[in-house]
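Structure, as structure tokens:
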Amino acid sequence: MAEEHEDDPASAAKREADERRAGRSNVLLGATIEQNRARMPVRVSNLSANGALVIGDRLPVADTNVTFHCNGFAIESFVIWSRDRHAGLEFATPVPPEALGQRAPQPRIAITKDTRNVDFRRPGFRGNQMTDEEQEFFDELNRPPPDDSDKGP
């Protein structure tokens, strides 16, 4: 059996890959990648503090600077590799995966009660708002006709 030596490049690459994979979490998140003001929707398959595996259509090629948008975060990133519909991103600054996995709090819309004193009812009839002259005219119109029974035929 061959022993692995510390100097062996294959074993060093394997150790590095194992270390890289150790901090990854399998997730299913929606996100976007922005490149030159064009945004592409992607799904995040796995996530670590230093990067993410994304799945989508028309992903940028390797060696491209992009901005990764996920749950309210905008993270400057670099496309390490891109194959078919998958790409590996490396974040410019480490971000805790727990933070990316949680939705950003949405600002609450404040609902306030209208405290103005406004009367929305239609105005009702209010009597005795006529002038004396109008009241006299109204009374005359509503006066019963004179009784003609006192007069004979």
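Between the CG atom in Asn46 and the CG atom in Leu28 there is a gap of 11.5 Å [rounded to 0.5 Å]. Here the CZ atom belonging to Arg85 is positioned 6.0 Å from the CZ atom belonging to Arg43, to the nearest 0.5 angstrom. Rounding to the nearest 0.5 Å gives a distance of 12.5 Å between CD1 of Ile75 and CD of Glu90. The distance from atom CG of Asp84 to atom CG of Asp57, rounded to the nearest 0.5 Å, is 11.5 Å.
Counting heavy atoms from C-beta on, the side chains of Trp81 and Leu53 come closer than 4.5 Å. Side-chain contact between Val79 and Leu59 is absent, with no heavy-atom pair separated by less than 4.5 Å. With a 4.5 Å cut-off on side-chain heavy atoms, Leu89 and Ile33 count as touching. With contacts defined as side-chain heavy-atom distances shorter than 4.5 Å, the pair Thr32/Glu34 does not qualify.
Heavy atoms from other residues, nucleotides or ligands lying under 6.0 Å from CG of Asp132 number 12 at most. More than 12 non-hydrogen atoms from other residues, nucleotides or ligands lie less than 6.0 angstrom from CD of Glu134.
In this structure, Val27 is not a member of the same hydrophobic cluster as Ile55, with clusters built from ILVMFWY side-chain heavy atoms closer than 4.5 Å.
Between Met40 and Ala38, the closest heavy-atom pair is CE-O, 4.0 Å. Taking each heavy atom of Asp63 and Phe78 in turn, the nearest pair found is CA-CZ, 3.3 Å. When all heavy atoms of His69 and Ala31 are compared, the closest pair comes out as O-CB, 3.1 Å. In terms of heavy atoms, Ala49 sits closest to Phe91 at O-CD1, 3.5 Å. Taking all atoms of both residues into account, the shortest heavy-atom contact from Val66 to Pro60 is CG1-CG, 3.8 Å.
Checking side-chain atoms of Ser82 against main-chain N and O of Ala87 turns up no donor-acceptor pair under 3.5 Å.
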